[in-house]
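One structure is given here, and the rest of the page talks about it.
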Amino acid sequence: MEFKYQYYGTTSVSDTAASQSFSFAPDLLRPPTRFDGTLKRDGLAYLQVREGLSALHDVVVSDMRTRGRDKSAYRQWLAEHESQLLAGFMADTGKAEERAKEIRAELKTIYASKSKALAPFYKAQKQYFDWLYQNNRDLWYVLDPVITVHPDRLLFEAFSQDESSYCSVSIQHAAFEHAGEMQCGTTNIDYSASLYEEFQKIRNYKDTRLQLDPSGFDVQTGDDPGLREEKIDLPDSWLRGFLQVSSAMALPATVIDLHAMDLFNICAQLRGQREKHGPRSMRFELRPNAAPVIVFEPWEKRLVTKRSQVVGEPLTYGKTIRMWGRRRLLTLERLISQATRVRVHLLGTGMPSFWVIDMGLVTVTLGLSGWSANDWAASARFHLLAPQADVKDADIKAVGDNLQSRWQATAQELATATGLSSAQVHTAMTSWMHAGRAVYDLSAERYAWRELLREPLTADQVLVPASPEEEAALALIREHKVPMPSLDYAEGHTRIRGKIARGNDAKRYFETQLELNADEQMTDATCTCNHFQQHRLYQGPCQHIVALRLMAQPELDANRTHAKHAAQTASDKTTTSQGETA
């Protein structure tokens with residue numbers, strides 16, 4: 001997908017002995033977004049902003065894809081000698097062999113002349129790329145970060161080059177002494193790699209000003225020399241990655257309140273010892289009424305986090321969660337000294353994890369895919385784990401309009417404002433997040449309006465490539481291979497069980513089970529099919545889990561409506577009784 005950006009000038013930095021000013025150039029093709037503030041010098045705001053933006057930069061430039069040996073030279077040699085090898089293979093005795101020798105001699109002369117002629121070009125090309133990397137790294141980075149101005153914060157978001165890590169930096173307006181106009185909205189900013197070096201110069205003895213330069217919005221003509229346009233062929237994976245991150249953040253997770261020193265110990269272990277063979281996971285062993293234990297494989301070194309604890313519902317049974325790609329956590333190393341709270345959101349073994357570092361006025365959220373080679377867009381289908389309540393298009397629009405008017409709100413606030421249930425609100429917000437127009441704020445546990453792109457996404461852009469599990473699940477339902485499941489309600493959770501026929505064999509079944517919380521979000525699922533046995537939920541639910549969930553949804557909706565009606569009736573009786581008493 002090709003997207004067009006228009007900037008007036010470039011992002012600039014003015015640095016003197018007494019002050020420093022960052023003037024970001026916003027995309028003029030988007031609605032005007034303005035911000036102008038000076039960091040407070042009497043506190044730690046300057047330090048938190050510096051470290052947070054530096055961590056964002058570390059994620060933007062990180063690339064942990066495995067690179068094998070460079071075989072380009074071999075492939076070039078093979079292409080040049082393919083005819084010789086073929087001639088040698090096909091050559092027979094007599095004249096064919098003599099002709100092959102003549103051809104080889106002739107080709108050798110031709111390739112020698114070619115190499116001699118192109119040698120200066122290849123040398124100059126290598127020197128150019130070496131110079132470019134050292135002197136103008138901006139051309140090595142394609143995607144500009146997304147910045148959103150909310151009524152109470154600035155939000156920076158970006159992806160790593162390998163698209164396996166997501167980072168957001170939230171800066172509260174309380175960190176600034178506002179000196180200018182503010183206009184909420186989302187925009188892309190012209191971001192240069194040299195900004196990282198300028199961020200390192202932020203000090204409390206300087207006045208540091210951050211400004212989304214509004215002057216470009218006043219330009220009325222395209223003839224202005226400062227006006228420039230950029231066309232970027234945006235990878236589909238980058239877009240789908242952003243959408244899957246938003247869906248994953250809103251899912252139920254096991255949350256650990258991790259002490260900052262425990263995070264330091266994790267980074268120290270990763271720095272001090274490097275594995276030479278597998279397994280390479282970091283294992284969380286969680287037991288009821290016990291401190292979480294982190295085990296580093298393959299050494300089986302145990303870190304007992306006595307000052308950390310699992311928050312939320314107490315554990316009733318032990319569980320073990322493994323995560324891979326653990327060296328990506330070193331991005332958080334320089335934030336430890338300022339961290340006031342560290343929260344780890346674990347979705348499950350091989351599933352994404354989110355590390356939320358709260359420093360007071362600045363919060364950094366690092367989202368990691370299941371492992372380094374598994375980027376967010378490759379095969380993730382986390383939106384299928386979200387609530388699937390029955391909501392009408394009008395309800396979805398009402399929820400979106402309400403959130404857009406207030407910019408940020410919890411699910412309960414949206415439910416109260418629209419008259420919908422929490423499950424219906426979550427379903428509606430999944431649609432908005434999957435359209436790139438909203439994001440879930442883990443630190444505050446609320447939804448926030450954020451227009452990822454200038455124009456709303458189409459269905460083709462959102463669903464490419466389509467999920468084969470969704471299509472297969474719908475096919476199973478149309479072919480009447482999914483019987484009505486059984487639903488068990490207990491302690492705010494719903495357990496759904498069912499048996500789905502294996503192909504045309506009526507005597508063999510896949511046994512499928514899933515659990516939902518009070519908001520109808522999937523918290524766990526199992527299936528005996530081959531897809532689940534191989535991938536678990538790493539790539540989203542299998543077709544049988546999706547089909548069972550869709551079949552159970554009408555009964556879930558009916559029970560929710562009945563419960564709502566019963567609660568309203570009880571409330572009316574209470575009101576009538578109080579009136580008669582008065």
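All figures in this text were calculated on a predicted structure; none of them were measured in a lab.
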For Q273, give me all partners under side-chain contact (heavy atoms from CB on, under 4.5 Å), at least two apart in sequence or on another chain.
Q269, W299, K301
In chain order, what residues pass the side-chain contact (heavy atoms from CB on, under 4.5 Å) check against V255, with sequence neighbours excluded?
V311, R343, H345
Looking at Q20 and T208, would you say the former's side chain and the latter's main chain have a donor-acceptor pair under 3.5 Å?
no
Rounded to the nearest 0.5 Å, what separates atom CZ in R271 from atom CD in E333?
4.5 Å
Do the side chains of R326 and F296 get nearer than 4.5 Å, heavy atoms only?
yes
Which residues pass the side-chain hydrogen bond (donor to acceptor under 3.5 Å, both in side chains) test with S443, sequence neighbours left out?
D441
Inter-residue atom distance S246.OG - L452.CG, 0.5 Å rounding
8.0 Å
Within the structure provided, determine whether E157 and R450 are in side-chain contact (heavy-atom separation under 4.5 Å).
yes
Which atom pair, heavy atoms only, marks the closest approach of A415 to S422?
CB-N, 4.4 Å
Evaluate R322 against M282 for side-chain contact (heavy atoms from CB on, under 4.5 Å), listing each step before the verdict.
CA-CA 6 Å; R322 300 173 73 188; M282 193 165 73; over 6 Å; no
Q183 side chain reached by F35 side chain, heavy atoms, under 4.5 Å:
no
Between S168 (side chain) and F156 (backbone), is there a donor-acceptor pair under 3.5 Å?
no
Looking only at heavy atoms, what is the nearest atom pair of S54 and Q200, with distance?
OG-NE2, 2.8 Å
For the pair L315 and N289, evaluate side-chain contact (heavy atoms from CB on, under 4.5 Å) and give the outcome as yes or no after the intermediate values.
CA-CA 8 Å; L315 292 174; N289 304 318; over 6 Å; no
Tell me the closest heavy-atom pair linking L347 and A248, and the distance in Å.
CD2-O, 3.8 Å
How about W355 and T331: do any of their side-chain heavy atoms sit closer than 4.5 Å?
no
Listed by chain and number, what are the side-chain contact (heavy atoms from CB on, under 4.5 Å) partners of S21, not counting sequence neighbours?
S14, R209
Considering all heavy atoms of both residues, which atom of V364 and which atom of G52 are nearest to each other, and what is their separation?
CG2-CA, 3.9 Å
Residues that D524 engages under salt bridge (charged side-chain N to carboxylate O under 4.0 Å, His left out), provided they are two or more places apart:
none
Heavy-atom side-chain contact between M429 and V399 under 4.5 Å
yes
Ring centres under 6.0 angstrom apart (F354, Y166):
no
Between the OG atom in S431 and the NE2 atom in H426, the distance rounded to the nearest 0.5 Å is 13.0 Å
Would you please say whether a donor-acceptor pair under 3.5 Å links the side chains of S19 and T16?
yes
Output for pair (K201 NZ, F199 CZ), nearest 0.5 Å, gives 12.0 Å
About how many Å separate CD1 of I256 and CZ of F284, when rounded to the nearest 0.5 Å?
5.5 Å
Any pair with a residue in residues 40-51 that passes salt bridge (Lys or Arg N to Asp or Glu O under 4.0 Å), sequence neighbours left out, goes on the list, sorted by first then second residue, please.
R41-D207, E51-R334
Begin from the C-alpha positions of M359 and T340 and carry the test side-chain contact (heavy atoms from CB on, under 4.5 Å) through to its verdict.
CA-CA 5 Å; M359 297 183 284; T340 58; 5.6 Å; no
For Q408 and Y447, which I'm curious about, is there any donor-acceptor pair between the side chains at under 3.5 Å?
no
Can you tell if the side chain of V439 reaches within under 4.5 Å of the side chain of M249, non-hydrogen atoms only?
yes
W432 and T430: side-chain contact (heavy atoms from CB on, under 4.5 Å), yes or no, with the steps?
CA-CA 5 Å; W432 286 113; T430 299; over 6 Å; no
Closest non-hydrogen atom pair between A409 and R446, with its separation:
O-CB, 3.4 Å
Mind checking salt bridge (charged side-chain N to carboxylate O under 4.0 Å, His left out) for E413 and listing every partner two or more places apart, or none if nothing turns up?
R406
Applying ring-ring contact (aromatic ring centres under 6.0 Å, His included), name anything that partners H150, two or more places apart in sequence or on another chain.
W407
If you look only at distance, which donor and acceptor atoms sit under 3.5 Å apart when one is on a side chain in residues 257-267 and the other is two or more places apart or in another chain?
{"residue": "H259", "atom": "ND1", "partner": "M261", "partner atom": "N", "Å": "3.0"}
{"residue": "D262", "atom": "OD2", "partner": "S308", "partner atom": "OG", "Å": "2.6"}
{"residue": "N265", "atom": "ND2", "partner": "M261", "partner atom": "O", "Å": "3.2"}

Distance-only side-chain donor-acceptor flag, T148 / T186, under 3.5 Å:
yes
With H535 via ring-ring contact (aromatic ring centres under 6.0 Å, His included) - residues at least two apart
H531
Are P151 and C184 packed together at the side-chain level, in the sense that at least one heavy-atom pair is separated by less than 4.5 angstrom?
yes
Is there a donor-acceptor contact under 3.5 Å from the side chain of E198 to the main chain of F22?
no
Does any N or O in the side chain of R328 come within less than 3.5 Å of the main-chain N or O of W324, such that one atom is a donor and the other an acceptor?
yes
Do V356 and T363 make a side-chain contact, defined as non-hydrogen atoms from C-beta onward lying under 4.5 Å apart?
yes
Minimum heavy-atom distance between Q48 and G360, given as atom pair plus value:
OE1-C, 4.1 Å
Atom pair CD1/OG1 of I294 and T305 - distance to nearest 0.5 Å
5.5 Å
Within residues 244-253 or reaching into it, pairs that qualify as salt bridge (Lys or Arg N to Asp or Glu O under 4.0 Å) - sequence neighbours excluded
none
Report the residues that fulfil salt bridge (charged side-chain N to carboxylate O under 4.0 Å, His left out) with E300, sequence neighbours left out, ordered by chain and then residue number.
R283
Between E285 and T320, is any side-chain donor less than 3.5 angstrom from a side-chain acceptor?
no
